[in-house]
Amino acid sequence: MLPKTHFFSGIIIGFVFLLFGNFSVVEISIFLAATVLIDFDHYLYFVIRKKSFNLKKAYIYFKEKTRNLRLLSKKERQSFTTGVYVFHDIEALGIVFLFSKIISPYFLFVFLGMLLHLILDWIEKIFILKTSPSKLSLIYDIILYSKKKEI
Ligand SMILES: [Zn+2]
């Protein structure tokens, strides 16, 4: 899913939090930032795989991956993986939630932002792209990555 889709979804949910919840602008801003910045792991993946720090090339690289995936049939898509992303999993969510209990309650808003992002990614994967499940567990994604071809 494109960063702008995550950003606008975060704005809508953040606005609802602001209207109906007892949250500060700082808390909502952290939530909004987390909905987008979780995708930094895609850039890390690009840097490691392509040995390049070029952000524009990274953006194009992931747009092409999604485009190539869409060109395949639903059945063909099952044998491919798009990569392993360290912040897109329940392990990262668990760590951030733990941080909200032991470091600062602000991490709860990072957790909620990441959770919204992941829910949107899961919806895209399951209902739109109809690919094999991923971005649920880092361990599971590493296993998938070792067994499937990278698109
Ligand atoms: Zn994502």
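Note that ligands are numbered from 1 as they come in the structure, with each ligand's atoms numbered from 1 the same way.
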* Heteroatom of Asp39 nearest to the Zn ion (ligand 1) (N, O or S, atom name) ->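 Minimum-distance N/O/S atom of Asp39 relative to the Zn ion (ligand 1) is OD1.
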* Does one side chain, of Glu150 or Thr82, offer a donor that lies under 3.5 Å from an acceptor on the other? ->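 Result is no, nothing qualifies.
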* Asked: N/O/S of His88 less than 2.8 Å from the Zn ion (ligand 1)?
  ->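 It does: His88 brings an N, O or S atom closer than 2.8 Å to the Zn ion (ligand 1).
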* Can you establish whether the number of heavy atoms outside Ile119 located under 6.0 Å from its atom CD1 is more than 12? =>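 Buried by this count: over 12 neighbours within 6.0 Å.
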* Determine, using ring centers only, whether Phe31 and Phe109 are less than 6.0 Å apart. =>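 When the ring centroids of Phe109 and Phe31 are compared, they turn out to be at least 6.0 Å apart.
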* Asked: Which angle, to 10 degrees, forms at the Zn ion (ligand 1) with NE2 of His117 on one side and OD2 of Asp121 on the other?
  ->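 Centred on the Zn ion (ligand 1), the NE2/OD2 angle is 100° (to 10°).
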* **Under 3.5 Å donor-acceptor, Glu27 side chain and Phe17 backbone** =>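 Looks like no, no N/O pair under 3.5 Å.
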